[in-house]
Amino acid sequence: MHKPAVELSPFALQNVFRNMRMQGVSHRQQLRLKRMVKSLFEFGRHYAYLPKGIPIPTSEVVLKSDEEKVPEILTLPEIQKLLAYAVEEKHPWRHIWSFALLTGMRSGELKALSWNDVDLENRILRVSKSVQAETGIEKSTKAGYWRDIPINDQLLRVLEELRPTTGPIGHVLPRLWEWEKGEQARVLRAFCVAHGITPVKFHTLRAC
């Protein structure tokens, strides 16, 4: 691609793999290339050819096999049940789960969302950054570009609840210790099991 390594973004790398799939390149060969790129970046960081803290772009690239399984998903009644119980019990994750379901945002994007990204007057959320799970560093979104999400009535109510506790500056959502340790899936699954809901991963909320 005639680019220095520091300019290789996850978005650009994802396009490479997309083109490979279109050309009929096998999943195994795609994985081989991904490992090679990862090794190259690890080598560059180890010998200081690359700046400190530069993320490895392959960490955000997911290669799906041709025999992809049907994703787990919650039904609408299960979603309503999840939120109702969470609100009733004042569960510390209730606002985070609501946000994930109402916006389709990824965990890192939710964690990085600040009140500066919230335009209540025009009812728009600007998603422009994400927190990298491995390092905790804020960076661009997984796709490499920003997007706007409309604030519907339900999301507006959630924001109005949060504003007295986390606003008007700083992060919108509370930074819970389980979230900081990457245990958001464990917390959600445990809650679902306890209330007779299909146990799902945190990322599934985005699909819902």
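Values in this document were obtained by computation on a predicted structure and should not be read as measured data. Because only heavy atoms are used, hydrogens play no part in the values below, and waters and symmetry mates are left out as well, while side chains stay in.
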Minimum side-chain heavy-atom gap [X]-[Y] below 4.5 Å:
X: Trp115; Y: His171; result: no
X: Val37; Y: Leu8; result: yes
X: Glu183; Y: Trp177; result: yes
X: Leu125; Y: Val172; result: no
X: Val127; Y: Asp148; result: no
X: Leu50; Y: Phe43; result: no
X: Leu110; Y: Phe202; result: yes
X: Phe191; Y: Leu82; result: yes

Can you confirm whether or not the ring centre of His91 sits under 6.0 Å from the ring centre of Trp97?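 Yes; Trp97 has its ring centre under 6.0 Å from that of His91.
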Is the ring centre of Phe99 less than 6.0 Å from the ring centre of His95?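 Ring centres of His95 and Phe99 not closer than 6.0 Å.
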Under the criterion side-chain contact (heavy atoms from CB on, under 4.5 Å), I'd like the reasoning laid out for Lys111 against Leu173: C-alpha separation, chi angles, the key distance, then a yes or no. CA-CA 7 Å; Lys111 195 181 289 187; Leu173 294 163; over 6 Å; no
Please check if the number of heavy atoms outside Arg163 that lie under 6.0 Å from its CZ is greater than 12.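 It does: Arg163 CZ has more than 12 such atoms within range.
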Other residues, nucleotides, ligands: >12 heavy atoms within 6.0 Å of Lys81 NZ: yes
Could you walk me through whether Glu78 and Thr198 pass the side chain to side chain donor-acceptor pair (under 3.5 Å) check? CA-CA 8 Å; Glu78 285 182 311; Thr198 303; 2.6 Å; yes
Reported [atom1]-to-[atom2] distance for the pair [X] and [Y], which is rounded to 0.5 angstrom:
X: Leu33; Y: Lys38; atom1: CG; atom2: NZ; result: 14.0 Å
X: Leu156; Y: Glu161; atom1: CG; atom2: CD; result: 10.5 Å
X: Arg45; Y: Glu42; atom1: CZ; atom2: CD; result: 7.0 Å
X: Lys34; Y: Ser39; atom1: NZ; atom2: OG; result: 12.0 Å
X: Arg206; Y: Thr204; atom1: CZ; atom2: OG1; result: 11.5 Å
X: Gln14; Y: Glu60; atom1: CD; atom2: CD; result: 10.0 Å

Any ion pair linking Asp153 and Arg123 (charged N to carboxylate O, less than 4.0 Å)? yes
Salt-bridge test for Glu109 and Arg106: reply yes if a basic N is under 4.0 Å from a carboxylate O, no otherwise. yes
Exercise: identify the closest heavy-atom pair between [X] and [Y]:
X: Ile79; Y: Leu101; result: CG2-CD1, 3.9 Å
X: Lys129; Y: Ala112; result: CE-O, 3.2 Å
X: Cys192; Y: Pro199; result: CB-CA, 3.8 Å
X: Cys208; Y: Leu74; result: SG-N, 3.6 Å
X: Trp179; Y: Ser107; result: NE1-OG, 2.9 Å
X: Met105; Y: Arg147; result: CA-NH2, 4.1 Å

Side-chain ([X]) to main-chain ([Y]) donor-acceptor, under 3.5 angstrom:
X: Asn19; Y: Asn15; value: yes
X: Asn122; Y: Ile124; value: no
X: Arg94; Y: Lys90; value: yes

Any link between [X] and [Y] through a network of hydrophobic side chains (Ile, Leu, Val, Met, Phe, Trp, Tyr) touching at under 4.5 Å?
X: Val16; Y: Leu40; value: no
X: Leu13; Y: Val25; value: yes
X: Ile56; Y: Met36; value: no
X: Val193; Y: Ile73; value: no
X: Leu120; Y: Ile149; value: yes

Check the pair Leu188, Leu205 against side-chain contact (heavy atoms from CB on, under 4.5 Å), reporting the backbone distance first and the verdict last. CA-CA 10 Å; Leu188 178 59; Leu205 300 182; 3.9 Å; yes
Going through the distances and angles, do His195 and Glu89 end up as a side chain to side chain donor-acceptor pair (under 3.5 Å)? CA-CA 12 Å; His195 294 85; Glu89 298 175 14; 2.6 Å; yes
Please evaluate residues Lys201 and Arg189 with respect to the criterion side-chain contact (heavy atoms from CB on, under 4.5 Å), reporting the C-alpha separation (whole Å), side-chain torsions for both, the decisive distance (0.1 Å), and the verdict. CA-CA 7 Å; Lys201 295 179 292 188; Arg189 284 188 183 277; 2.9 Å; yes
Mind running side-chain contact (heavy atoms from CB on, under 4.5 Å) on Arg21 and Leu63 for me, showing each step along the way? CA-CA 10 Å; Arg21 285 194 297 274; Leu63 296 180; 4.2 Å; yes
